[in-house]
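Single-structure report; data block below.
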Amino acid sequence: MIQVLDKHVADLIAAGEVVERPASVIKELVENAIDAGARAVTVEIQHGGVTLMRVTDDGCGIPHAEVPTAFLRHATSKVHDEVDLEAIGTLGFRGEALASIASVSRVSMLTHAAGEADGTRYEIEGSEETVYEEAGCPRGTTILIRDLFYNTPARMKFLKKDVSEGNAVAGVLDRIALSHPEVSLRFVREGKQQLLTPGDGDLYSCAYAVYGKAFADQLMPVDYEADGVRVHGLIIRPLAARQNRTMQSFFINGRYVKTRTGQVALEEAYKHAIQAGRFPACILHIELPRGLVDVNVHPAKVEVRFQNERPVFSAIYHGVQNALAAHDGRPHLALGQPKPAVQTAMDALQPAPAPQLRLTPSSVPTPASSPANPKGFERLPASDFLSRYTAGSSGGRLKLGQPSESPYRTGIRLPAQPASPVAPASVTPPQEEHRPSAAQLPLERMPASAEPDATPADAAEPVVEVPPAPQAGELPAPDIRLIGEVFGTYVIAQVDDAVYLIDKHAAHERMLFEALKARQGALSRQLLLSPVVVTLPRELYGALLAHPEQVERLGFRVEDFGGGSVIVREAATLYREADIPAVVEEIAAALAAGKLDLTPSRLDELYHSIACRAAIKAHDLSNERELRRIVELVQADASLRYCPHGRPIAFVLTRHELERQFGRVM
């Protein structure tokens with residue numbers, strides 16, 4: 001038997017689409033307040049919002065005669081006909097929120113509209129009106145909700161603990177505050193204020209109030225517009241990337257949404273700046289014509305549908321990349337506060353701890369230790385301390401000697417024979433006329449045995465070259481002094497008034513990656529003395545032979561060798577022979593996955609893999625020329641900040657920071 005449901009039952013069913021928990025009630029009421037033009041909104045809850053919720057705003061209010069109508073289903077002032085649904089500009093538009101809330105709780109409202117002498121008091125319980133009268137109250141609206149789901153115990157038992165429900169309310173208010181920084185939002189939970197945003201329209205100050213100083217300090221601004229789409233907001237610095245995506249917030253025309261398009265575009269822009277397994281955080285506002293986005297696709301209005309996703313993806317991707325290039329500077333080392341010179345009598349009795357070095361925002365690798373050397377320090381005879389380096393005669397460059405026989409050598413090369421100490425200030429590198437970027441001049445691998453020209457035996461002192469005066473409009477070349485290498489991995493150099501600590505593998509890998517991208521893989525090749533045979537699975541074998549142009553562009557010339565094998569006759573100069581089979585197989589796999597062509601995304605992955613395999617490895621023996629070239633290129637190109645894996649390339653320790661540790665400056 002088919003029958004029409006009772007109005008009360010129908011209201012309860014409809015309420016389930018809008019009112020799921022206290023957080024959904026607060027969301028609807030605060031969004032209504034913002035639509036009403038409120039500049040300040042206060043939210044109060046008790047017991048997670050189950051027993052009491054109060055929302056107060058200073059908006060336009062509701063006229064006395066229209067108050068009962070506001071609680072009817074599908075009653076709204078925001079949509080008048082179907083044309084309005086094609087370009088929705090308000091947060092609410094369906095006219096279901098107040099009716100749904102009133103059907104499952106006890107609601108009291110005080111509202112005072114502009115232009116009216118008195119306000120209105122209205123009470124409704126379970127969709128039944130109980131009070132409707134004039135009352136004195138300030139301009140704006142206050143809605144009080146008590147006993148949520150009092151008449152639907154089945155819904156009540158699905159609510160979580162008060163703490164969990166209160167946390168859900170706090171999360172909703174955080175997102176609303178970030179969506180409208182021009183509105184001052186105050187949240188009082190169990191009688192204690194938990195949130196107060198300034199309402200000054202500054203997104204950074206709003207983020208500071210919502211997430212705190214530590215998170216806000218890691219944010220960078222974004223502002224980019226293209227093809228009618230504007231993207232602005234804040235993104236996290238790569239070194240502060242998080243373990244999950246919970247701090248990614250996207251807003252479309254002031255509405256918080258979950259968008260797969262935005263998420264993918266954001267993470268693609270960070271792809272080669274953060275470590276694998278970590279995710280960027282963001283607060284991104286996306287503005288586009290209302291007619292190009294449909295927000296009426298989900299009851300909770302958190303999902304949208306774009307008429308064309310490509311402009312949105314492109315705006316987010318390029319906006320984030322531009323922000324990273326403009327605002328993400330090279331990380332600096334920060335040292336702890338030095339010990340005060342004056343100590344108390346009790347302090348004098350305690351052994352003074354050694355100053356600790358910490359990196360901002362990452363940490364310093366722990367030195368290797370052993371039972372005989374628990375601190376991992378290098379043991380050196382006192383006589384060797386000043387004779388670590390000897391100066392060469394060509395341009396006054398430093399020359400690294402042979403490793404000492406010390407059992408705890410940390411990787412800094414020591415001269416085999418003691419040399420006369422040379423004052424560091426007397427050594428000046430030659431002036432360079434042009435400093436190309438890493439993409440223009442990739443660092444080629446050098447044989448480990450290569451050494452700079454030896455110092456002539458009759459040279460009593462190093463030749464000091466005075467660099468020519470810089471031309472008008474040109475900056476003088478920086479004074480670079482190579483100090484050495486520690487742990488076979490990290491290069492130390494003095495550049496003007498700063499000390500650079502550089503991961504040689506990460507730096508070289510990024511240089512090669514950028515060079516491959518700049519040249520689109522068009523690498524110079526050389527004929528191999530011994531051709532390399534590579535055996536591949538049938539799918540990869542066919543894909544490789546079907547795209548010879550792509551293979552040659554990536555630095556190889558291959559021929560069919562039969563039986564699922566190819567023979568490599570030529571290879572790019574940056575490849576080591578041992579790496580050729582693995583790189584060829586990766587190229588074949590990429591071609592097979594891309595079917596007909598390599599997309600830019602797949603090319604990036606391939607360039608990354610090639611650069612990683614071809615770069616100098618940690619603990620590889622490196623000569624002075626290699627190390628100096630790394631320092632020169634890293635210093636010359638400020639965009640070299642992270643390797644394609646997202647690890648930092650270099651840290652900078654300023655002279656001021658170092659002198660502060662020794663008490664020379666305050």
Side-chain angles (χ1 to χ4, degrees), residues 14-62 66-78 90-113 119-125 127 137-149 165-166 168-180 183-189 194-195 197 199 254-256 299-302:
E17 299 179 359
V18 178
V19 182
E20 299 176 352
R21 58 195 308 189
S24 57
V25 174
I26 294 297
K27 174 181 179 294
E28 297 291 342
L29 296 180
V30 175
E31 287 182 348
N32 282 347
I34 294 174
D35 286 340
R39 308 298 297 180
V41 180
T42 299
V43 177
E44 303 170 69
I45 65 172
Q46 293 285 345
H47 299 99
V50 177
T51 59
L52 182 144
M53 290 177 279
R54 181 187 288 114
V55 178
T56 305
D57 68 70
D58 60 354
C60 64
I62 304 175
E66 298 179 6
V67 171
T69 307
F71 286 86
L72 298 179
R73 193 164 300 281
H74 308 305
T76 179
S77 62
K78 303 162 188 176
T90 55
L91 298 176
F93 54 88
R94 294 198 183 109
E96 296 179 329
L98 289 180
S100 297
I101 294 168
S103 67
V104 293
S105 64
R106 298 183 172 95
V107 179
S108 298
M109 172 187 283
L110 285 172
T111 184
H112 190 173
T120 302
R121 179 187 175 201
Y122 188 80
E123 295 183 3
I124 182 172
E125 296 183 8
S127 299
C137 59
R139 296 293 172 87
T141 302
T142 298
I143 298 182
L144 180 66
I145 294 98
R146 294 187 179 90
D147 305 327
L148 185 65
F149 298 137
E165 296 297 342
V169 171
V172 166
L173 293 178
D174 287 349
R175 292 189 288 269
I176 293 177
L178 295 171
S179 69
H180 289 81
V183 177
S184 177
L185 189 60
R186 179 171 176 255
F187 177 41
V188 179
R189 178 178 177 181
Q194 286 203 338
L195 175 66
T197 62
R255 180 192 307 277
Y256 171 76
K301 296 173 286 190
V302 295

Within the structure provided, determine whether Val107 and Phe71 are in side-chain contact (heavy-atom separation under 4.5 Å). yes

Heavy-atom side-chain proximity of Phe187 to Val169 below 4.5 angstrom: yes

Begin with the C-alpha distance, continue with both residues' side-chain angles, and end with the deciding distance and a verdict on side chain to side chain contact (heavy atoms under 4.5 Å, CB included) for Thr120 and Met109. CA-CA 8 Å; Thr120 302; Met109 172 187 283; over 6 Å; no

I want to check something: taking the side chain as every heavy atom from C-beta on, are Arg39 and Asp58 in contact at a cut-off of under 4.5 Å? yes

Side chains of Leu148 and Val19 in contact at under 4.5 Å (non-hydrogen atoms): yes

Let me confirm one number: the OG-CD distance from Ser100 to Glu28, rounded to the nearest 0.5 Å. 8.0 Å

Please find the pair of heavy atoms, one from Thr111 and one from Gly61, that lie closest to each other, and give the distance. OG1-CA, 3.5 Å

Any idea which heavy atoms bring Glu165 and Gly48 closest together, and the distance? CB-O, 3.6 Å

With a 3.5 Å distance limit and no angle check, can you tell me whether Thr51 reaches the backbone of Gln46 through a side-chain donor-acceptor pair? yes

Leu91 and Gly254: which non-hydrogen atoms are nearest, and at how many Å? CD2-O, 3.7 Å

Are there more than 12 heavy atoms of other residues, nucleotides or ligands under 6.0 Å from atom CZ of Arg146? no

Gap separating the CZ atom of Arg54 from the CG atom of Leu29, nearest 0.5 angstrom: 13.0 Å

Main chain of Ile145, side chain of Ser105: is a donor-acceptor contact present, judged purely on distance under 3.5 Å? no

Ile176 CD1 to Lys27 NZ distance, which is reported to the nearest 0.5 Å: 7.0 Å

Heavy-atom closest pair (Ala38 atom, Val183 atom, distance to 0.1 Å) is O-CG2, 3.6 Å

Which pair of heavy atoms, one from Gly119 and one from Cys137, lies closest together, and at what distance? CA-SG, 3.8 Å

Is there a donor-acceptor pair under 3.5 Å between the side chain of Ser184 and the backbone N or O of Thr197? yes

Separation between CZ (Arg255) and NE2 (His180), nearest 0.5 Å, reads 9.0 Å

Give me the atom names and distance for the closest heavy-atom approach of Glu20 to Ser24. N-OG, 2.9 Å

Please round to the nearest 0.5 Å and tell me the distance separating atom CG of Leu98 and atom CD1 of Ile62. 6.5 Å

Glu44 CD to Leu144 CG distance, which is reported to the nearest 0.5 Å: 9.0 Å

